[in-house]
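Only heavy atoms go into these numbers, but all of them, side chains included; no hydrogens, no water, no symmetry mates. Fair warning: this is a prediction, and the values are worked out from it, not measured in the lab.
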Amino acid sequence: MKKKLTLVLAALLTMTMVIGLAGCSSNNNTAKTEKLEPGSNGEIIMATTTSTQDSGLLDVLLPKFEEETGIAVKVVAVGTGKAIEMGKNGEADVLLVHAKSQEEDFVKEGYGIERFDVMYNDFIVLGSKDDPAKLKEVAPNDAVKAFQTIAETQSEFVSRGDKSGTHTKELGLWEKAGVTPAGQPWYIESGSGMGDTLKMANEKLAYTLSDRATWLNMKDNLDLEVVVEKDDNLYNQYGVIVVNPDKVSAELNTDGAKKFQEWILSDEAQKAIADYKINGEPTFVPTPANKH
């Protein structure tokens, strides 16, 4: 009888341990799959470009980051020049921009902790189907020659004129072309982001410079088409920078900004960037070589 009782107690103890382990396993699984509410771990302010916003990519990336970290992201979409200015003024925790020389100066001057390449795509020159300067014939893959031809034919060109990364690229192309467009009757400055600039160029059936991703996201509502592309001069690199609290402000959410920088360089985020397509066309190419 005593032996039977011992066996029963041993069996009950074993069952209790199994149930307890199963309960722990269940609790652990629940914890791993539990979704975090955006903002439950604070908020960061990201200053980024209108082209990044207008491409639709952030609508894919940010919910993933917020769900995994509980950190909400407040996006301020402006030109790269303005985004960098926001960083210097302590108005943003992290920058996602695309004017590499300006970004490197930002870090050298101590405003940014470290800069990493995130992704790239390319710029394109858009024009009407009539293509009055005949750029598709004379300079389909030569942006500098295309800009020279626009000036020679005095064809209307709409510039962002907002010190953005796109505007910076455009000014560099005019310089290489030996042209000073400012003040010319055919040169129009929108002073706006990429989306609004494309709308203005569309209304005027004028030429303009755009990043490919924004154009892909808007092209179904535009009468513009690509007239110049696939030139090394049109390369468009994006970088991520955490603003330096020691230089700018101790009030910055630097921990949250570092988590975002680390996340966007992760395999998961880089894959999401690579997978993001509009009408089957890729919009950005990830730059995984610069991960931590």
### Query
Is the backbone of T214 close enough, under 3.5 Å, to the side chain of S55 for a donor and an acceptor to pair up by distance?
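Between the backbone of T214 and the side chain of S55 there is no qualifying donor-acceptor contact (under 3.5 Å).
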### Query
Okay, side chain of D122, backbone of L234: is any donor-acceptor separation there less than 3.5 Å?
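Checked: no pair found.
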### Message
Using every non-hydrogen atom in the two residues, find where V78 and M86 come nearest and quote the distance to one decimal.
### Response
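Closest approach of V78 to M86: CG2-SD, 4.2 Å.
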### Message
So, using side-chain hydrogen bond (donor to acceptor under 3.5 Å, both in side chains) as the criterion, who are the partners of Y187 when residues are at least two apart?
### Response
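Y187 satisfies side-chain hydrogen bond (donor to acceptor under 3.5 Å, both in side chains) with S159, E170 only.
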### Contacts of Y111 that satisfy ring-ring contact (aromatic ring centres under 6.0 Å, His included) - sequence neighbours left out
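With sequence neighbours excluded, Y111 shows a ring-ring contact (aromatic ring centres under 6.0 Å, His included) to F106, given in chain and number order.
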Kindly list each side-chain donor-acceptor pair under 3.5 angstrom involving residues 220-229, sequence neighbours excluded, with atom names and distances?
| residue | atom | partner | partner atom | Å |
| --- | --- | --- | --- | --- |
| E225 | OE2 | K136 | NZ | 2.3 |
| E229 | OE1 | R212 | NH1 | 3.3 |
| E229 | OE1 | R212 | NH2 | 2.8 |

### Query
Does a donor on one side chain and an acceptor on the other come within less than 3.5 Å for D130 and S128?
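Absent: no donor and acceptor within the cut-off.
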### Query
Quick one: ring-ring contact (aromatic ring centres under 6.0 Å, His included) pairs with a partner in residues 54-79, sequence neighbours left out?
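Sorted pair list: F65-F260, F65-W263.
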### Query
When the ring centroid of Y207 is compared with that of W186, is the distance short of 6.0 Å?
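So the answer is no for these two rings.
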### Parallel, tilted or perpendicular, as decided by the 30° and 60° cut-offs, for the rings of Y235 and Y120
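Y120 vs Y235 ring planes: tilted.
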### Task
Any chance you could lay out the side chain to side chain contact (heavy atoms under 4.5 Å, CB included) test for L58 and V75, step after step, and finish with the verdict?
CA-CA 9 Å; L58 297 182; V75 176; 4.0 Å; yes
#### Entry: Where at least one partner belongs to residues 179-204, residue pairs that pass salt bridge (charged side-chain N to carboxylate O under 4.0 Å, His left out), sequence neighbours excluded
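Pairs touching residues 179-204 that pass the test: none.
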### Query
So which pairs with a foot in residues 82-100 pass salt bridge (charged side-chain N to carboxylate O under 4.0 Å, His left out), sequence neighbours left out?
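Non-adjacent pairs meeting salt bridge (charged side-chain N to carboxylate O under 4.0 Å, His left out): K82-E85, K88-E109, K100-D117.
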#### Entry: Residue pair I113, T254: steps toward the side chain to side chain contact (heavy atoms under 4.5 Å, CB included) verdict
CA-CA 10 Å; I113 296 176; T254 306; 4.1 Å; yes
